[in-house]
Amino acid sequence: MKHLGLLLTLLIFYPFYVYGQYKEIACDKYGQIYTLINDSTIIYNTKKGKKLEIKLNQIYFTGGEDELKEYLRNGYYKSGASDDYGYRAFFFMLFNSELKIKEVRSVVLPLSQFTKSRKKRIKQYIKGLKCTKFKWIKKTGQKWYAYCFSFVTD
């Protein structure tokens with residue numbers, strides 16, 4: 001009976017735990033970046049608070065995601081503080097119908113470890129992402145596109 005009570009408690013509180021982690025990943029200083037509607041659609045919240053319904057997986061980087069990560073590491077990583085070590089960075093990009101980059105947002109987890117040197121490095125990566133114009137291919141025609149990816153920095 002004791003185990004049944006524990007199981008029921010876990011079943012009740014686990015979704016809140018998962019939501020808390022998900023919400024942390026999807027938030028930056030402008031608020032929540034996106035809300036998942038289903039497996040293929042999100043509501044993207046712009047920095048200015050506009051809500052855009054976007055079908056996912058309709059845009060990709062020429063050469064694939066691995067090439068995008070290498071492009072960032074090779075071209076935009078400049079060594080930071082000696083105490084800086086690898087961490088996971090999440091990037092969210094919003095494109096219009098002409099594949100012009102409208103905004104790039106980022107999150108570093110855990111948020112409490114978002115140090116000054118890491119902020120500088122993320123700014124370098126965002127600068128690099130903004131320079132990827134003409135390196136994106138769309139699969140279908142739609143008004144807005146979103147591209148999300150993460151990687152562990154060097």
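In this chain, residues are counted from 1 in sequence order.
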Hey, does Lys130 have a side-chain heavy atom less than 4.5 Å from the side chain of Ile126?
yes
Contact check, side chains of Leu129 and Leu68, non-hydrogen atoms, under 4.5 Å
yes
In terms of heavy-atom contacts, does NZ of Lys69 have more than 12 from other residues, nucleotides or ligands at under 6.0 Å?
yes
Check: Thr41 side chain, Asn38 main-chain N or O, donor-acceptor pair, under 3.5 Å:
no
Any donor-acceptor N/O pair, Asn45 side chain to Gln32 backbone, under 3.5 Å:
yes
Gap between atom CZ of Arg121 and atom OG of Ser106 - 0.5 Å precision
12.5 Å
Are Trp136 and Tyr145 close enough that their ring centres sit under 6.0 Å apart?
no
To the closest 0.5 Å, what do you measure between NZ (Lys139) and CD1 (Ile59)?
10.5 Å
Minimum side-chain heavy-atom gap Asp28-Ile33 below 4.5 Å:
yes
Met93 vs Thr132 side-chain heavy atoms within contact, under 4.5 Å
yes
Is any side-chain heavy atom of Arg73 closer than 4.5 Å to one of Tyr71?
no
Close aromatic pair by centroid cut-off 6.0 Å: Tyr125 and Phe151
yes
Within 6.0 Å of NZ in Lys138, more than 12 heavy atoms from elsewhere
yes
Among the clusters formed by ILVMFWY side chains lying less than 4.5 Å apart, do Ile43 and Phe90 turn up in the same one?
no
Does Val107 reach the side chain of Cys27, with side-chain heavy atoms less than 4.5 Å apart?
no
Do Phe91 and Arg105 make a side-chain contact, defined as non-hydrogen atoms from C-beta onward lying under 4.5 Å apart?
no
What's the separation between atom CD in Glu67 and atom CZ in Phe61, rounded to the nearest 0.5 Å?
5.5 Å
Is there a donor-acceptor contact under 3.5 Å from the side chain of Gln58 to the main chain of Leu56?
yes
Can you measure from NZ (Lys135) to NZ (Lys133) and round to the nearest 0.5 angstrom?
13.0 Å
Same cluster (ILVMFWY, side-chain, under 4.5 Å), Ile101 and Tyr60
no
Considering all heavy atoms of both residues, which atom of Val104 and which atom of Lys47 are nearest to each other, and what is their separation?
O-NZ, 3.7 Å
Between Ile42 and Ala146, which heavy-atom pair has the shortest distance, and what is it?
CD1-CB, 4.2 Å
Determine, using ring centers only, whether Tyr34 and Phe92 are less than 6.0 Å apart.
yes
Verify same cluster id: Leu36, Ile54 (apolar side-chain graph, 4.5 Å)
yes
Roughly how far apart are Gln142 CD and Glu53 CD, rounded to 0.5 Å?
10.0 Å
Report the C-alpha distance between Phe95 and Tyr147 in whole Å, list the side-chain angles of each, state the deciding distance to 0.1 Å, and finish with yes or no for side chain to side chain contact (heavy atoms under 4.5 Å, CB included).
CA-CA 8 Å; Phe95 300 82; Tyr147 188 80; 4.0 Å; yes
Measure the spacing between OG1 of Thr46 and CG of Leu52 and express it to the nearest 0.5 Å.
6.0 Å
If only side-chain N and O atoms count, and only distance matters, is there a donor-acceptor pair under 3.5 Å linking Glu103 with Tyr44?
yes
